[in-house]
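Scroll down for the structure; my scribbles are underneath it.
All residue numbers in this chain count up from 1 along the given sequence.
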Amino acid sequence: MESLDQFGIHPGMYVYAAGEISSSIIPGYQIKAVIGYIEDGMAYAVCLRNLAGGWINCDAFVEEPQIITNGKEATRKILEFANKYGRKAYAAQKCYDYAEDGVQQGEAFLPSLCELEKLYANKVAIIKSLKALHADVFSDWSCYWTSTEKSHYHAMAFWMEDGHSSCIAKLNLGFVRPIITVKI
């Protein structure tokens with residue numbers, strides 16, 4: 001990860017629908033996400049809503065997301081697979097379809113396991129900003145789906161409570177937290 005001070009941007013800052021990034025809430029401007037971490041000239045930002053559901057509706061194995069650490073690319077692969085084989089990729093589709101708070105459909109994606117781990121490292125700053133907006137904070141008692149797949153029946157889930165991950169059945173219910181990237 002790059003130095004957070006290199007761009008003057010740090011976790012907890014607000015991303016506005018018009019493209020601004022600020023450490024304060026600007027009255028009358030639409031906030032669409034909260035910065036979670038910075039890497040390779042991109043800010044990874046958490047959307048404001050938790051979503052719930054399973055990972056996929058069958059025993060499908062997309063395969064590529066098992067090794068892709070870029071959630072946006074993995075989400076694209078999962079949705080391509082689902083469309084090709086008539087499956088319902090709930091977690092990836094919910095992130096892709098997320099169009100709230102100024103986020104455009106197709107802009108958000110299902111984060112990979114390593115992306116959620118990086119968000120977890122800055123959880124305190126992220127939650128502080130989400131609370132200031134009265135947005136959904138991370139649920140400590142439930143898992144969050146990742147775009148990291150393990151087998152026909154299992155994908156990786158991540159717990160924001162303590163930062164652990166586990167391989168769980170794709171049909172289980174969990175939370176989905178869409179994220180976006182912003183070039184800085």
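- Atom-to-atom distance recorded for Ile21:CD1 and His10:NE2 is 10.5 Å, nearest 0.5 angstrom.
- Side chain of Asp162 to backbone of His164: a donor-acceptor contact under 3.5 angstrom is found.
- Pairing each heavy atom of Gln105 with each of Ala99, the nearest pair is N-CB, 3.9 Å.
- Under the 4.5 Å side-chain heavy-atom criterion for Ile, Leu, Val, Met, Phe, Trp and Tyr, Ile25 and Met13 are members of the same hydrophobic cluster.
- Across all their heavy atoms, Leu48 and Ala33 have their closest contact at CD2-CA, 4.0 Å.
- Heavy-atom minimum distance, Ser147 versus Trp55: O-CZ2, 4.3 Å.
- With side-chain heavy atoms closer than 4.5 Å counting as contact, directly or through intermediates, the hydrophobic cluster containing Tyr96 also holds Leu79.
- The side-chain heavy atoms of Ile31 and Asp101, taken from C-beta on, include no pair separated by under 4.5 Å.
- Glu115 is listed as a side-chain neighbour of Tyr37, based on a closest heavy-atom distance under 4.5 Å.
- With values rounded to the nearest 0.5 angstrom, Cys167 atom SG is found 5.0 Å from His154 atom NE2.
- Tested against Leu51 for a side chain to side chain contact (heavy atoms under 4.5 Å, CB included), the candidates Tyr98, Trp145, Tyr144 yield a single pass: Tyr98.
- The shortest heavy-atom contact between Leu173 and Cys143 is O-SG, 4.2 Å.
- Of all the heavy atoms in Ile179 and Pro111, the pair that sits closest is CD1-CB, 3.6 Å.
- Of the possible polar contacts, one joining the Asp136 side chain to the Asn50 backbone as a donor-acceptor pair under 3.5 Å is found.
- Residues Pro178 and Val103 fail the side-chain proximity criterion, which asks for heavy atoms closer than 4.5 Å.
- For the atom pair CG of Asp40 and NZ of Lys183, the computed distance is 10.0 Å after rounding to the nearest 0.5 Å.
- The line from SG of Cys95 to NZ of Lys72 is 12.0 Å long, rounded to the nearest 0.5 Å.
- Considering all non-hydrogen atoms of both residues, Ile126 and Gly36 come closest at CD1-CA, 3.6 Å.
- When the options Val182, Asn122, Ile9 are evaluated for a side chain to side chain contact (heavy atoms under 4.5 Å, CB included) with Ile38, the one that passes is Ile9.
- Under the 30°/60° scheme for interplanar angles, the aromatic rings of Tyr85 and Phe81 are found to be tilted.
- Hydrophobic cluster membership is shared by Ile26 and Leu133, with clusters built from Ile, Leu, Val, Met, Phe, Trp and Tyr side chains linked at under 4.5 angstrom.
- Within the 3.5 Å criterion, the main-chain N or O of Ser151 finds a donor-acceptor partner in the side chain of Lys170.
- Counting heavy-atom neighbours within 6.0 Å of Glu20 CD, excluding the residue itself, gives a total above 12.
- Between the side chain of Lys123 and the main chain of Met160, a donor-acceptor pair closer than 3.5 Å is present.
- Looking at Thr148, its side chain does come within 3.5 Å of a backbone N or O of Leu113 through a donor-acceptor pair.
- By the 30° and 60° cut-offs, the orientation of the rings of Tyr44 relative to Phe109 is perpendicular.
- The aromatic rings of Phe158 and Tyr120 sit perpendicular to each other, their planes meeting at more than 60°, with 30° as the lower class boundary.
- The only member of Thr146, Leu110, Val46 that meets side chain to side chain contact (heavy atoms under 4.5 Å, CB included) when paired with Arg177 is Val46.
- Evaluation of the side-chain hydrogen bond (donor to acceptor under 3.5 Å, both in side chains) rule for Arg76 yields Glu73, Glu80 as partners, not counting sequence neighbours.
- Atom CZ of Arg87 and atom CD of Gln93 lie 15.0 Å apart (nearest 0.5 Å).
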